[in-house]
Colleague: 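After the structure tokens below, expect a handful of questions from me.
We use all heavy atoms of the structure for the numbers below, so side chains are in, but hydrogens, waters and symmetry mates are not. Keep in mind it's a predicted model, so treat the numbers as computed, not measured. Below, chains carry the letters A, B, ... as their sequence lines are ordered, and counting in each starts from 1.
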Amino acid sequence: MPELPEVEVVRAGLAPAISGATISGVNVLDERALTRHAGSGSDFERAITQRRVSAAVRRGKFLWFPLETVPHMPEEAIIGHLGMSGQILLRASGSSRERHERVRLDLEHPEHGELAMIFCDQRTFGSLAVDALVPTPDSAAGGYGWSAASIPRQVLHIARDPLDPAFSELHFRDSLSRKRSAIKRVLLDQSVVSGIGNIYADESLWAAAIHPEQPAATLSERAVSMLLVEVRAVLEKALAEGGTSFDAQYVNVNGQAGYFAHSLNVYGRTGEPCGRCSTPIVRVSFTNRSSHYCPKCQQDPSSRRPHTQSP
DNA sequence: GGAATAACCTGGATGC
DNA sequence: TGCATCCAGGTTATTC
């Protein structure tokens, strides 16, 4: 599932190919891929055709592609979220239709020539949209890959991610101190810290030896610092390995899978021995999804014994 | 206002 | 073999 490392791999792959390119054609094959867009498919096509893309930017799991300013028009960007199964592929112009292809942008790049940027999405949780750019509240760069202090309106509520130079540990610690919810739930709250999904939340909590159900506000200052160190380490390692691919649901812009699935310590390893103490990893239900943790290394502070599920 | 939950969605895996 | 059901999970609207 695309979390920060997977989205960053996509952004880094797109940036050189689309920065400076002009959108020569747009084909919306499925309007469900535009659920974030305020208008229709034809409106989306009209809004971006013949516009020039200036960069590929990311904050957390959101991507956006700022469009060069047109006189008398507000600053805008194409925003994209991969959801559960979204992919953005780069293909040769005129290439055959991809499986689950939803939107195709034809690009003309001054150096790379004609290209197709294709948004594919099996489960249609991802989407594209055109959105206005607004100033960032902290006047720092809006996201990774761009120096401008602006951000799409729809991304305004998304917190900075732990790899962002403008990420504030103080603000993060303060946010946690006011949350009674389980720490895992808070890590998944993109308005507190962005870029972390179910896989990297489990991995980071295991690395920091924190139980996923521990209330965030009960974590000591030292524990929060330790958690942040481990979150960054997990994200950076995953990024270096090209992200986590379990199946064809996550690939880079060339359609290639990442290798971090081989480095996972708890996620998807139910019943396997913990890498630290050899206790079998358990899986518990967690708000319509799963949590994986070591019951010995990650002690439950409230002594509540959640119901475990068999592998 | 904070916290918890349901709904959205498709295809692979599993059970019968 | 074929059909039905379960499961995966990011975001957001709704409910408590």
Colleague: Is there aromatic stacking of A:F125 against B:dC8, centre distance under 5.5 Å, plane angle under 30°?
Modeller: yes
Colleague: State which residues pass side-chain contact (heavy atoms from CB on, under 4.5 Å) with A:A21; sequence neighbours excluded, sorted by chain then number.
Modeller: A:L107, A:H109
Colleague: Distances under 3.5 Å only, N/O to N/O: pair up the protein atoms with those of nucleotides 4-6 of chain B.
Modeller:
unit_1	atom_1	unit_2	atom_2	d
B:dA4	OP2	A:S181	OG	2.8
B:dA4	OP2	A:R185	NE	3.2
B:dA6	N7	A:N288	ND2	3.3

Colleague: Taking all non-hydrogen atoms of both residues, which atom of A:Q298 and which atom of A:P212 are closest, and how far apart?
Modeller: NE2-CD, 4.0 Å
Colleague: Return the set of residues passing side-chain contact (heavy atoms from CB on, under 4.5 Å) with A:R269 (not counting sequence neighbours), or none when no residue passes.
Modeller: A:L264, A:E272
Colleague: What residues, two or more places apart in sequence or in another chain, satisfy side chain to side chain donor-acceptor pair (under 3.5 Å) together with A:S168?
Modeller: none
Colleague: Of the options B:dT10, C:dG10, C:dT12, whose atoms approach the side-chain atoms of A:K61 most closely?
Modeller: C:dG10
Colleague: Choosing from B:dC8, C:dT11, B:dT10, which nucleotide comes nearest the side chain of A:R123?
Modeller: B:dT10
Colleague: In the hydrophobic clustering (ILVMFWY, side-chain contacts below 4.5 Å, transitive), which residues join A:M226, or is it alone?
Modeller: none
Colleague: Just grab all the salt bridge (Lys or Arg N to Asp or Glu O under 4.0 Å) pairs involving residues 222-236 of chain A, residues at least two apart or on different chains.
Modeller: none
Colleague: Work out how much the helix from B:dG2-C:dC16 to B:dC16-C:dG2 bends between its end axes, five pairs an end, to the nearest 10 degrees.
Modeller: 50°
Colleague: Taking side chain to side chain donor-acceptor pair (under 3.5 Å) as the cut-off, I'd like each qualifying pair that reaches into residues 59-69 of chain A, sequence neighbours left out, listed once.
Modeller: none
Colleague: Give me each pair satisfying ring-ring contact (aromatic ring centres under 6.0 Å, His included) with a member in residues 27-47 of chain A, each pair once, sequence neighbours excluded.
Modeller: A:H37-A:F44
Colleague: Can you list everything that forms a side-chain contact (heavy atoms from CB on, under 4.5 Å) with A:A12? Sequence neighbours excluded, please.
Modeller: A:E8
Colleague: Only counting residues at least two apart or in another chain, list the ones meeting side-chain contact (heavy atoms from CB on, under 4.5 Å) with A:R180.
Modeller: none
Colleague: Got a list of protein N/O to nucleotides 14-16 of chain C N/O distances below 3.5 Å?
Modeller:
none

